[in-house]
Amino acid sequence: MKRSFLLWYVLLVQAFFYGAWYSVGGSLHCEYSNSVILHRPHSVSITEFGAVGDGVTLNTKAFQNALFYLNSFSDKGGAKLFVPAGQWLTGSFDLISHLTSENWPVVDPLPSYGRGRELPGRRHRSLIYGQNLTDVVITGENGTIDGQGSVWWDWFRHGELNYTRPHIVELINTTGLIISNLTFLNSPFWNIHPVYCRDVLVKNLTILAPLDSPNTDGVDPDSSTNVCIEDCYIVTGDDLVSIKSGWDEYGISYARPSSKIKINRLTGQTTSSSGIAIGSEMSGGVSDIYIKDLHLFNSNTGIRIKTSPGRGGYVRNVHVSNVKFHNVQKAIRFTGKYGEHPDENFDPKALPVIEKITFENINGEDIGVAGLLEGIEGDEFKNICFLNVTLTVKKNSKKAPWKCSHVRGYSQWVSPEITCDSFGESIFPEHSSDCFGLSENNLEKSSGLSRSPWLLSW
């Protein structure tokens, strides 16, 4: 096998690796300051470390040496690594370690997973990797990072992997992370994976992979807090964004939730998976999630919550609003028996708590099924609310627009009407407090209940 297949092809146009931060306030407004980000008292070019941007020369050692050198300025105001226009071929590199022994090193599994996500044991390290860092920025003027994932996808499909495939970016236990103004192509596995992180901004990214590429999730915040994902275009072979927090008994024991996550202005397509997913690895808990201005087209599923007996944990306080779906097979889906366990040691009595999930101002055309809501027997999903939801189901669809089991909640101004008995009660006037995050606009309009949903102007 040719060595080039084992490497990453990196085309970066004025890309930078350096440190800064913005703030996420109590109301989860993301603030992003270019002036703060662009100022670093020290700067070097990758060419000063012998790198050659000809698309042929292997530059792994140059990247590693440059980043190790820049680390010496961490207590002097930080530093910036400039990667000029060119084609920069590199293997995996660590943002802090000076050691480079191979192009695809393996690392220990995450403690909240207990093993590699695909295979037992260890896992391949990502292209851009770091842990225990503060104030990291990866940005550029729409430079491209191409993971050359096709060979990894083939190995996966043919059962030829020894370890779980690598991500393009994985930062662990990092505070203050910005990834912006870049294009990511053809990741071997998940594209961007901040795990055990705090204060994360992912902004102005294009993430692309073939629609049939396996497990090429776009952005997967995992056991992380204060995360903003904004203004991204994602087309991949799996979930565009998937919020996670550990897997079964390992995630329960590690107990590191994902919380205070805001997703704004996301556009994309996935023919196999979901626009936004929560889970299925959610054993550390997921809460305070705000999703707004999602546009999904020609896709399998719009919003999905995935869990299973054995997961434990919780998903609560989720608010989804201002969503547009076009030609989506399943607009909203809950899956209570997703399965997939790391080993046989999970506790089937560890049941998840799913509650206070609100869908507000949702519109869709050419929808296959409006809602497929499947909870867990003896563990009902509760306080699920639908307000001002209009999903035009395809005329030739032979399936009921809504299917519900072991899920209970309230609905108001929903078309087609949710005919499940467990959604028989309206939100207003008695149950608005049971629904998470209802907008003031809709609360004010609740006084005019005689108005039909299609007459309301939002």
Side-chain angles (χ1 to χ4, degrees), residues 2-17 46 51 53-60 63 83-93 103-104 124-129 137-157 161 164-171 177-194 202-220 229-242 266-273 275 296-299:
K2 295 182 180 179
R3 187 180 68 171
S4 61
F5 284 147
L6 292 172
L7 305 177
W8 301 76
Y9 173 79
V10 184
L11 174 60
L12 296 172
V13 182
Q14 293 187 2
F16 309 91
F17 298 81
I46 190 63
D54 58 4
V56 177
T57 303
L58 179 59
N59 297 299
T60 308
F63 273 95
V83 183
Q87 298 178 359
W88 307 88
L89 191 67
T90 177
S92 172
F93 56 84
N103 291 316
W104 289 111
H124 283 289
R125 193 176 74 180
S126 62
L127 166 63
I128 301 172
Y129 177 85
V137 178
I138 303 171
T139 190
E141 296 180 1
N142 200 33
T144 298
I145 301 178
D146 189 339
Q148 293 194 113
S150 60
V151 66
W152 295 93
W153 307 333
D154 289 343
W155 290 339
F156 168 77
R157 290 168 176 143
L161 291 169
T164 293
R165 287 170 285 160
H167 316 297
I168 290 185
V169 177
E170 182 178 69
L171 278 296
L177 168 63
I178 297 176
I179 305 175
S180 67
N181 303 322
L182 289 167
T183 295
F184 291 84
L185 301 179
N186 303 319
S187 179
F189 199 45
W190 306 343
N191 277 268
I192 298 171
H193 187 218
V202 176
K203 186 176 179 71
N204 292 332
L205 297 187
T206 298
I207 301 176
L208 304 175
L211 292 170
D212 63 348
S213 57
N215 312 113
T216 51
D217 296 26
V219 184
D220 288 3
I229 302 168
E230 296 188 330
D231 302 307
C232 293
Y233 179 83
I234 304 176
V235 176
T236 68
D238 211 299
D239 300 323
L240 307 187
V241 173
S242 184
L266 172 67
T267 300
Q269 177 188 19
T270 170
T271 55
S272 64
S273 300
L296 193 68
F297 59 90
N298 301 338
S299 292

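Since the structure is predicted, the reported quantities are computational estimates derived from the model, not experimental observations.
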Working for side chain to side chain contact (heavy atoms under 4.5 Å, CB included), residues Ile207 and Val219: CA-CA 9 Å; Ile207 301 176; Val219 184; 3.8 Å; yes
Leu208/Phe184 under side chain to side chain contact (heavy atoms under 4.5 Å, CB included): CA gap, chis, key distance, verdict: CA-CA 6 Å; Leu208 304 175; Phe184 291 84; over 6 Å; no
Spacing of [atom1] belonging to [X] relative to [atom2] belonging to [Y], to within rounding of 0.5 Å:
X	Y	atom1	atom2	value
Ile46	Phe63	CD1	CZ	4.5 Å
His193	Asp220	NE2	CG	6.0 Å
Leu185	Gln148	CG	CD	10.5 Å
Ile192	Ile138	CD1	CD1	8.0 Å
Leu127	Glu170	CG	CD	12.0 Å
Arg125	Phe93	CZ	CZ	9.5 Å

Minimum heavy-atom separation for [X] and [Y], please, with both atom names.
X	Y	value
Pro188	Pro166	CB-O, 3.5 Å
Ser92	Ser126	OG-O, 2.5 Å
Thr57	Asn59	O-ND2, 3.1 Å
Ser242	Asp217	CB-OD2, 3.8 Å
Ser299	Gly268	OG-O, 4.2 Å
Gln269	Asn298	NE2-O, 3.2 Å

Single hit among Phe189, Trp152, Trp155 for ring-ring contact (aromatic ring centres under 6.0 Å, His included) with His124: Trp152
Derivation of the side chain to side chain contact (heavy atoms under 4.5 Å, CB included) call for Cys232 and Leu266: CA-CA 5 Å; Cys232 293; Leu266 172 67; 4.0 Å; yes
N/O donor-acceptor pair under 3.5 Å between Asp146 side chain and Thr144 backbone: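 Not confirmed, Asp146 side chain does not pair with Thr144 backbone.
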Donor-acceptor under 3.5 Å (Ser213 side chain, Leu211 main chain): no
CA sep, side-chain torsions, deciding dist, call: Asp212, Trp153, side chain to side chain contact (heavy atoms under 4.5 Å, CB included): CA-CA 10 Å; Asp212 63 348; Trp153 307 333; over 6 Å; no
Identified side chain to side chain contact (heavy atoms under 4.5 Å, CB included) partner of [X] from the options [options]:
X	options	result
Phe156	Thr164, Leu161, Val151	Leu161
Ser187	Ile168, Ile145, Asp238	Ile168
Ile234	Leu240, Thr270, Thr267, Ile229	Leu240
Asn142	Leu205, Thr183, Asn181	Thr183

Polar contact flag, side-chain donor to acceptor under 3.5 angstrom, Thr216-Asn191: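 No pair is found: no donor N or O on one side chain lies under 3.5 Å from an acceptor on the other.
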Aromatic plane relationship, Trp190 with His167 - under 30° parallel, 30 to 60° tilted, over 60° perpendicular: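 Plane angle under 30°, so parallel.
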